[in-house]
Amino acid sequence: MSFPLLTVTAAVPAVGAVLTAAVPAARRTAAKWLALLFSLATLALAVLVAVRFEPGGARYQLTESRAWIADFGVRYELGVDGIGVALIALTALLIPFIILAGWHDADPLENKSQRWRPTQGFFALILMVEAMVIISFEATDVFLFYIFFEAMLIPMYFLIGGFGDRATSSRSGSAAAGGSDENAAAQRSYAAVKFLLYNLVGGLIMLAAVIGLYVVAGNFSLQEITAARAAGTLDMATNTERLLFLGFFFAFAVKAPLWPLHTWLPNAMGEATAPVAVLITAVVDKVGTFAMLRFCLGLFPDASKWATPAILVLALISIVYGALVAVGQRDIKRLVAYASISHFGFIIMGIFAMTSQGQSGATLYMVNHGISTAALMLVAGFLISRRGSRLIADYGGVQKVAPVLAGTFLIGGLATLSLPGLAPFVSEFLVLVGTFARYPVIGIIATIGIVLAALYTLVLYQRTMTGPVKEEVRTMQDLSLREVLVVAPLIVLLIGLGVYPKPLTQIVNPAVEHTLSDVHEKDPKPQVAVEAKNGEAAK
């Protein structure tokens, strides 16, 4: 039996979570270093997965398959395609930066009127989420995927509700000083419960669809079901397929999040610490869009095409609505949250455009959005921790007292608006080209999101970083060495993948071709070429 690389990649952070949680309470620093060590070990394994993966090889590689619950046809089946490899690498890359950025977020508070926060639990929960996300990207058994798709909600609930942001939520820093700890705890609890309930409802609907799939197919193996569909040996009635598709898609749309199922995200990101907010939108939410590609299109190709017009409209609403609401935000973290809703609209639009450019762009968007959002949100977290307020109005002139912080904030913001030369530009351009090729009206309207992104990003930078230096900002310190070590590699990646995206595209493109073959779609021919051909024929 070959070495179970995929199992080990997911198991290492899980083991790290258990060991971190077991560190004695008095040895908080040891727990932090242990968590960082296991996250780096996971990154090394993710790199090994990427190295061993052959882009031109079999669709699913490094596969593992063992009997699990034989009576119900459930197997422990793992395998990765190019999309899974890219997202595993993204997850493993971001977790060490999340841990470093949150190095002091769970330290005991000096003010004894506020509760003590267990450092070990904070970092153990982050590692547990990493383990569950990675195995979700690896699972090719539908039931196995569902278990971890739902299980990751538990550690995320405690990270949001138990380790909320110490800054104010919607008040100025001065008002917060005399504010109520109970009110802040209530807001965190509300955000955590809302996150849990939305995702649990989606998961329960998906569970019904998973059971229905078993009744129709007789097993949970993604590879066996897709092979049977391709061979014509699996007979699935049209209405049955559509109902099952809707059950899966609803759960993934909540996780993604897609309008109008998005309302949990601004609350969760606003009340969570900045590193946990990155964990939510840059890591956990990617499971939803990944699953649309792997399971919705793979298991239900005809239903996916049937639902495409409605989904594209919802994605378009997400793009414009998220950007418009971001423009009017007063809270820095909620602005980033609504910007992410807009970006997820681009990702979903690219997936259901059913073109190679659109789906390649959507996959690249998942990776690039993760990096750019991490850079922007983590720097915003450093900014907020210094001032003690999330309100944009409480800042001004930061670039004069903390130029490195302001500079990194600007680069993260420019990446968010997809400036040419930075990684998100490539993915957004491919999504728009791929969408326009098949749905030109949708593609044209979606460009409104680009204009609005420039507006909310530049206005945010202008109001926080430029202008007269506010009195409360005058003594603000610039980024420390630890904080620079968090942000600098992300900026390097944004520039590197913006200039040279080939390492990602050559891994992703073969997987996209397989996905398009599942739904029996080919790229439409360019309209200019078709008209030229018709003109020659007329002559």
Side-chain angles (χ1 to χ4, degrees), residues 82-91 93-94 137 252-253 255-258 262 265 278 281-294 297 311-312 314-316 318-320 322-323 336 338-377 412 414-437 442-443 446-447 449-450 452-453 457 490 493-494 496-498 501-509 511-512 515:
I83 299 170
V85 169
L87 293 176
I88 289 171
L90 171 69
T91 303
L93 173 72
L94 291 181
F137 291 142
F252 303 152
K255 183 86 77 178
L258 178 68
H262 66 284
L265 182 65
V278 171
T281 190
V283 177
V284 172
D285 287 355
K286 298 301 188 299
V287 177
T289 48
F290 163 81
M292 291 179 188
L293 275 167
R294 173 168 282 190
L297 272 61
I311 294 172
L312 287 177
L314 293 178
L316 185 60
S318 289
I319 292 170
V320 179
V336 178
Y338 279 106
S340 291
I341 291 169
S342 180
H343 295 149
F344 275 104
F346 277 108
I347 294 171
I348 296 170
M349 185 176 74
I351 292 172
F352 285 90
M354 302 293 184
T355 60
S356 60
Q357 299 99 326
Q359 292 189 356
S360 293
T363 305
L364 292 180
Y365 217 134
M366 293 185 222
V367 176
N368 295 332
H369 170 263
I371 299 171
S372 62
T373 299
L376 180 60
M377 179 59 84
L414 293 176
T416 298
L417 64 82
S418 299
L419 184 76
L422 298 176
F425 169 77
V426 179
S427 44
E428 193 167 278
F429 178 79
L430 286 173
V431 165
L432 288 172
V433 168
T435 303
F436 185 83
I442 296 289
T447 57
I450 301 176
L452 294 174
T457 300
L490 297 175
L493 280 172
L494 287 174
L497 292 176
K502 185 178 179 180
L504 270 179
T505 56
Q506 68 181 6
I507 292 177
V508 166
N509 286 344
V512 167
T515 303

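One N or O on the side chain of Thr355 and one on the backbone of Gly434 form a donor-acceptor pair closer than 3.5 Å. With hydrogens and angles disregarded, a donor-acceptor distance shorter than 3.5 Å links the side chain of Arg294 to the backbone of Phe137. Checking side-chain atoms of Thr416 against main-chain N and O of Gly412 turns up a donor-acceptor pair under 3.5 Å. With hydrogens and angles disregarded, a donor-acceptor distance shorter than 3.5 Å links the side chain of Thr289 to the backbone of Lys286. Under a 3.5 Å cut-off, the side chain of Gln359 and the backbone N or O of Ile351 do form a donor-acceptor pair. The main-chain N or O of Gly370 is never found under 3.5 Å from a side-chain atom of Thr373 such that the two would form a donor-acceptor pair.
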- Task: Could you please spell out the steps behind the side chain to side chain contact (heavy atoms under 4.5 Å, CB included) verdict for Thr505 and Lys502?
- Result: CA-CA 5 Å; Thr505 56; Lys502 185 178 179 180; 4.2 Å; yes

- Chi angles and distances behind the side chain to side chain contact (heavy atoms under 4.5 Å, CB included) call for Leu87, Val287: CA-CA 9 Å; Leu87 293 176; Val287 177; over 6 Å; no

- Item | Stepwise side chain to side chain contact (heavy atoms under 4.5 Å, CB included) check, Met349 with Phe346 | CA-CA 5 Å; Met349 185 176 74; Phe346 277 108; 3.9 Å; yes

- Item | Check against side chain to side chain contact (heavy atoms under 4.5 Å, CB included), Leu297 and Met354 | CA-CA 10 Å; Leu297 272 61; Met354 302 293 184; 4.2 Å; yes

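The line from CG of Leu364 to CG of Leu504 is 5.5 Å long, rounded to the nearest 0.5 Å. Between the CG atom of Asp285 and the CZ atom of Phe252 there is a distance of 13.5 Å, given to the nearest 0.5 Å. Rounded to the nearest 0.5 angstrom, Phe429 CZ and Ser418 OG are separated by 12.0 Å. The CG atom of Leu430 lies 10.5 Å from the OG1 atom of Thr363; values are rounded to the nearest 0.5 Å. Here the CD1-CD1 distance, from Ile347 to Ile319, works out to 10.0 Å after rounding to the nearest 0.5 Å. With values rounded to the nearest 0.5 angstrom, Leu493 atom CG is found 5.0 Å from Ile371 atom CD1.
When all heavy atoms of Ile311 and Ile348 are compared, the pair lying nearest together is CG2-CG2, 3.8 Å. Between Ala415 and Ser372, the shortest heavy-atom contact is CB-CB, 3.7 Å. Residues Leu265 and Pro257 come closest through the heavy atom pair CD2-CG, 3.8 Å. Of all heavy-atom pairs between Leu312 and Ala353, the closest is CD2-N, 4.3 Å. Nearest heavy-atom pair, Ala323 versus Leu452, reported as atom, atom and distance to 0.1 Å: CB-CB, 3.5 Å. Taking each heavy atom of Leu432 and Gly443 in turn, the nearest pair found is CD2-O, 3.8 Å.
For Phe436, the CZ atom sits in a loose shell: 12 or fewer heavy atoms of surrounding residues, nucleotides or ligands are nearer than 6.0 Å.
Taking the side chain as every heavy atom from C-beta outward, Leu414 and Leu422 approach each other to under 4.5 Å. Within the 4.5 Å cutoff, the side chain of Pro424 has no heavy atoms near those of the Leu419 side chain. Side-chain contact between Leu94 and Val283 is present, with at least one heavy-atom pair separated by less than 4.5 Å.
Ring-centre distance between His369 and Phe344: below the 6.0 Å cut-off.
Ring orientation note: the planes of His343 and Tyr365 are tilted relative to one another, at an angle of 30° to 60°.
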